[in-house]
Amino acid sequence: MNTTFAATLHSGVVRDAELPTTVLITGDDADAKSLLADVVTAGGLRAVDAGSLKRARELEALGFLQLTLATGEKIPWTGGFGVVG
């Protein structure tokens with residue numbers, strides 16, 4: 001969840017685009033990923049399995065990009081990236 005701003009986790013949508021907040025999940029334990037996905041969806045958010053733990057590094061880069069854009073006032077703190085589909 002470190003790739004998603006707190007405001008979008010709380011509201012359930014990425015502002016401006018009105019896309020549902022999506023939590024990208026990576027890991028090597030299928031049961032753990034399934035449990036986390038259940039928790040995320042029970043909280044009213046969307047969960048997407050982004051693959052193995054190797055993908056976590058890429059998600060961290062996505063989170064850093066989002067922070068960089070927000071601190072540079074290129075996107076709002078209630079914005080971010082959405083997954084369509």
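Note that this is a predicted model, so its numbers are computed, not measured. Along the sequence shown, residues carry numbers from 1.
Taking CZ of Arg46 as the start and OG1 of Thr22 as the end, the distance is 4.5 Å to the nearest 0.5 Å. Considering OG1 of Thr71 and CD of Gln66, their distance stands at 11.0 Å, rounded to 0.5 Å.
At least one donor-acceptor pair closer than 3.5 Å links the side chain of Thr21 to the backbone N or O of Val13. Panel note: side chain Lys54, backbone Thr26; no donor-acceptor pair is recorded below 3.5 Å. Judged by distance alone, with hydrogens and angles left aside, the side-chain atoms of Ser34 form no donor-acceptor pair with the main-chain N or O of Ala30 at under 3.5 Å.
The nearest pair of heavy atoms linking Asp28 to Ser52 is OD1-CB, 3.3 Å. The minimum heavy-atom distance between Phe5 and Gly79, with the atom names listed, is CD1-O, 3.4 Å. Listed here is the closest heavy atom pair of Ile25 and Lys33: CG2-CG, 3.8 Å.
One hydrophobic cluster, built from ILVMFWY side chains closer than 4.5 Å, cannot hold both Leu35 and Leu45; they sit in different ones. In the hydrophobic clustering of this structure, Val14 does not group with Val83; members are Ile, Leu, Val, Met, Phe, Trp, Tyr whose side-chain heavy atoms approach within less than 4.5 Å, directly or through other members.
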Verdict with supporting geometry, Leu36 and Val23, side-chain contact (heavy atoms from CB on, under 4.5 Å): CA-CA 10 Å; Leu36 180 56; Val23 176; 5.8 Å; no
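With respect to Phe81, the side chain to side chain contact (heavy atoms under 4.5 Å, CB included) criterion is satisfied by exactly one of Leu24, Thr8, Leu65, Leu19: Leu65.
Side-chain contact check for Phe64 versus Leu59: every heavy-atom pair is 4.5 Å or farther apart.
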